Number of protein chains: 2
Amino acid sequence: MTDDERLALLTSVMGANPMSPNRDPRIPPDVPMSAGYTPGVPRLGVPALLMSDASLGVTNPGYRPGDTATALPAGIALGASFDRELARTAGRMLGREARSRGFTVQLAGGINLARDPRNGRNFEYLSEDPLLSAVLAAESINGIQGEGVISTIKHFSLNCNETNRHWLDAVIDPAAHRESDLLAFEIAIERSQPGAVMTGYNKINGDYAGGNRVLIEDVLKGAWGYPGWVMSDWGATPDWEFALAGLDQESGAQMDSMMWQHQPFPENLPAAVADGRLPRARLSDMVRRILRSMYAVGIDTWAGDPAQTVTVDLDAHAQVALDTAREGIVVLANDGILPLAQQDGIRIAVIGGYAQTGVPTGTGSSAVTPPGGFAAVIKIGGPGIMGVGRNLYLFPSSPLAELRSALPHAHIEFDPGMSPAEAALMARRSDLVIVFGIRLEGEGFDLADLSLPWGQDAVIDAVAAANPNTVVVLETGNPVTMPWRDQVRAIVQAWYPGQLGGRAIADVLTGAVNPSGRLPVTFPASLDQTPRPELPGLGTPWGTPVEIHYDEGANVGYRWFAHHGHEPLFPFGHGLSYTTFDYSGLEVAGGDTVTASVTVTNTGDRRGADVPQLYLVEGPSTDRLRLLDFARVELDPGESRRIDFEADPRLLARYEGTTGQDGHWRIEGGLYRVAVSRSAGDHILEAEAPLHSRGFGR
Amino acid sequence: MTDDERLALLTSVMGANPMSPNRDPRIPPDVPMSAGYTPGVPRLGVPALLMSDASLGVTNPGYRPGDTATALPAGIALGASFDRELARTAGRMLGREARSRGFTVQLAGGINLARDPRNGRNFEYLSEDPLLSAVLAAESINGIQGEGVISTIKHFSLNCNETNRHWLDAVIDPAAHRESDLLAFEIAIERSQPGAVMTGYNKINGDYAGGNRVLIEDVLKGAWGYPGWVMSDWGATPDWEFALAGLDQESGAQMDSMMWQHQPFPENLPAAVADGRLPRARLSDMVRRILRSMYAVGIDTWAGDPAQTVTVDLDAHAQVALDTAREGIVVLANDGILPLAQQDGIRIAVIGGYAQTGVPTGTGSSAVTPPGGFAAVIKIGGPGIMGVGRNLYLFPSSPLAELRSALPHAHIEFDPGMSPAEAALMARRSDLVIVFGIRLEGEGFDLADLSLPWGQDAVIDAVAAANPNTVVVLETGNPVTMPWRDQVRAIVQAWYPGQLGGRAIADVLTGAVNPSGRLPVTFPASLDQTPRPELPGLGTPWGTPVEIHYDEGANVGYRWFAHHGHEPLFPFGHGLSYTTFDYSGLEVAGGDTVTASVTVTNTGDRRGADVPQLYLVEGPSTDRLRLLDFARVELDPGESRRIDFEADPRLLARYEGTTGQDGHWRIEGGLYRVAVSRSAGDHILEAEAPLHSRGFGR
């Protein structure tokens, strides 16, 4: 391999699209346009890297006219399913659709923990919990790579807020980092061997993620022995010296031109190799890591035109999107009004949320163009370079139409929910109101608060005052504050429910599907309960350096609430069913780690799925709350099943010392109190297991 | 002419469009699709009637793919100009564009008085005052008919609310009706001889407008001697017997099929003529009226293909749209912050109102597709058959882009105004905030209240609290309540400002244009001040019979406020300039009517236009407030001009008796106190004129 061939592997360039219509000459004519392209070495059989966004489907923000793909619900909806198998199936779908288009790399595996409920990109990720996030991300990556497509895992690490993300320094205690976000990466990488790790936009403890020697060299490649390659995020390589700190590939080089006025790797690495500033051994390492993942996943073995050889069953894939939405929907509150009764002539008002048109999705690089295209694209805009693409995308699955279809004997009217007074008029003349609350969230923007935008809280207030039989359906990517909580009879969190989201919502409301989603994030009563009531830097102009001190450390989400005794609006793990489940016969054992088993019984009158959760509630000298394991079990009425749990010992341990030096995990010897729980706030059965003191890992 | 030929003249049919794609076989293949078509009699040289909506431009809701037209601001913006010449010019533009497409009838001349600030169609009309509405409508109709195109005047009469308009009975004292809405029609028809009168959807005192013998036979054709034809509104002919009450033509027959399951005229008139239920004399009269207007306006003299023979200067027409917007914008409040100073590096936040995309227009049959198409069409929806077309249309004239262009040395950011907290963040870091408030109004819907929808009042509150230098720009078709009024430094009412509305707004804000608009409607402080704090029928389902008692009679708008001593938010006629005007030397004379003259002087330092208004403030035995005349005068700094006023005597009179029997106008003898005023609430110079007692007219 010549040096030119080797160096070319270290950069990906973006495809032409309507925003940037000139095709980069580095991309040959027969290559489909996408987020990134890196040439192969045909004479040596080294395949090119064709990279496509992202975790929720194969995106196409104008690269390939007319090319649509299956659009999954938000990642947080998958998180709410707590369903390993579903995550694997969704990953396979994603890999298959990527491969059919010739994409050898899917930029999936978004796993940043939801540390802050304002983070605009939480909808792309999975949860606030390291275990849940890691387990589901690993299944998804295994699904993708099982189709022979390289998956990334991203964004390494602590890209947990969007505010001025290019200038954001995420400050955290390194040990706490190992116990939280890094633990999620560690477990997921162990379980799925993603071909590449994508770094974040932000700094961590002063150094950019892409040039962070501690994280890349000491932790990822050192302590964990990660053999794949590390790529930057798009527009996140300001300096070529990042190569010296462990970055193997500059991504989307034109974005670096835009952000930093140069393309550091292609412009500087040749000279740096020539004059020795970049050691040849390091150059070899960079190339070897990329080649390794190509061969490990097998993109070198692809044969023929993928469009001909890779069949895609779009109906089956639509079913995956529908199943994810159905399993991800969380019924937060229900006084018995749900499921809706089939009732002749009942007058139902459907209000707001563009429910006559479709369902929203998150904005940014993860937005998939669904089959048939978007039902609507409403330009919202905002400050900074991300404002241009800040659109409210609606998928063409109308909850109104689906409800009309599911309730043929009801008389259903629609009010757009733009005015409290107008909405109340329809509510008053109806027997039942279903009011939708939506929120635009997405890449480049953090929420300023957790309220519903466009005056929707006032609409819900007015509607609930006009009609006591009000059901609220939320379609958001983050927790919502609910000033109207006690005025309504049911609250359903549907997240961004994907291309068949309207159908899934109607299925849950009418009981065609028994809800089984559980919150993968804590819903705070207010931002005052969270680690940062004020978000540093929020509202500063684009380009302002921002420091966010993640002083909660490893106490992310429910752990923080437990530690401080805050009563959340709804706890992590919470979600209602139309049947009831009983737990009995808890048995636990200790030793190196905690194992447990419990019997789950469906004590209600309809089939449904439950998500029993095993928590550490108290260690020998501390009240740490940790999700240790979880299951998802579907049971007929009266049916019981025995569930076995086993804790990853790192969840019972603390990280001590410094990674790359004396760092290791340590379990303190003593009695560990664990619980089988309905949620982080509702522990049903408790027992104690003795663990012996030990250190392990690094 | 055969009976078949005659009967065919009495119906118009709608063109094919995407909502109703089957072309009616009564429309020959070479006819452009539009709102209505009536065949001519080629062998006799009788031309066909090709009818197009409406008052604000030649519309194309899908009839003719790709055909766009000059999109004027809302009618209420033209009303705010108080500019006769502009109305004439706008009418000529409209006639020319209609004619170039072969349309022989323009369904313009909307003149219903703004009796209720919730009426969804007020934006299409002109004002709450009979004189102002009549004068401007007449100029507009004269402009249209001056281009050889028949204009309607509409909707005869009292179609002043949209709520269940097909089942709305407008109840009013007949004499008061003559002094208000009917007086507007009377004066406008005298001054412009529109070829046709279109009736309303509603009933008046129990009888549908289209079948209202009192209004059509006694008033319009009787007392006023109207020689043209009377057509129904589309879908407003439930019965063929309306022909016996004076209706000459059923419009848009397919809409009657949809509404009433039959087409009364084509299905019933042949038999009714044959068996004498429709007298042959009446049939002749119906036909003669249509033919008369064809020949009076001259559509029989058109020669050649209009697309070839009628040139359209789109640049000149765009200028008409721009001029109308500039003259229609009303500066309601200004503490001196306007016009905006050119200031290097000033940080300006533009917030809300889709200002990055364009400007809104009203929804319904008047919505014109502008050159280049809409910038956005956001489906809003709502109950009933009008919900489907209830869209937020945005014209592609972005206030944000125009402000950036007009203020090149400013740093201007945009926030979408969806969240109070988010908007406040940008407001806080800016030197100045321009926040837009928009509202969707349109055909088929009355407003439930006068607040701004989508939570915009809360956004303005938050923004004004975050930054004291806040300017509010409103784009609505009706008055707005302003809970934030005293927290902001300026308030600008831009209405729906048409295809160059963003430019006009920037021109006024920056002082490139000195504002001269005056309110053509009273802005109430709350609905409690209006004749109907509760709007009857609001919120009842589609199809519910509604009675609205217009008990205010002739005391519409400012007359009502004066009569009851209510202090409005902003009075009729109010509007600020960037210069100042002084009135002096008022002279009045009486006799048969009041004449007056006054000197207007520009006492400020920039050229500007003033609108001096002459009001009757007190009659011999009553405190009636009546706009008697108005002028619009443009003056250089220091320049003076003498203005002459003359009152239409009907404005000084009361109507007595019953139209068609003993009815007549009567002026009570005595002293009439008049004022030259800046607005209905700000009388500057007063004087008295003696009138002698007399009766006149019928």
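Each chain gets a letter, A, B and so on, in the order its sequence line appears, and its residues count up from 1. Only this structure's heavy atoms are used, side chains among them; waters, hydrogens and symmetry mates stay out. These numbers were taken from a predicted model, which means no experiment stands behind them.
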- Query: Between OG1 of B:Thr544 and CZ of A:Arg429, what distance do you get to the nearest 0.5 Å?
  - Reply: 8.0 Å
- Task: Rounded to the nearest 0.5 Å, what's the gap from OG1 on A:Thr540 to CZ on B:Arg428? Could you check?
- Result: 12.5 Å
Under a 4.5 Å heavy-atom cut-off, does chain A meet the side chain of [X], its backbone, both or neither?
| X | answer |
| --- | --- |
| B:Pro420 | neither |
| B:Glu413 | side chain |
| B:Thr357 | side chain |
| B:Met418 | both |
| B:Tyr354 | side chain |

- What one should report as the nearest heavy-atom pair of A:Gln356 and B:Ile380 is NE2-O, 2.9 Å
Do you know which of [options] has the most heavy-atom pairs under 4.5 Å to chain B?
| options | answer |
| --- | --- |
| A:Gly387, A:Pro541, A:Ser451, A:Ser419 | A:Pro541 |
| A:Ala376, A:Ala375, A:Pro383 | A:Pro383 |
| A:Gly455, A:Ala423, A:Gly539, A:Gly417 | A:Gly539 |

- Query: Given the options B:Val459, B:Asp415, B:Leu440, which has more heavy-atom pairs under 4.5 Å with chain A than any of the others?
  - Reply: B:Leu440
- Message: Below 4.5 Å, heavy-atom pairs only: which of B:Leu447, B:Leu452, B:Asp457, B:Asp449 has the largest tally toward chain A?
- Response: B:Asp449
- Query: Is there a side-chain contact between B:Arg390 and A:Pro416, using heavy atoms and a 4.5 Å cut-off?
  - Reply: yes
- Heavy-atom proximity to chain B below 4.5 Å, by part of A:Leu538: both
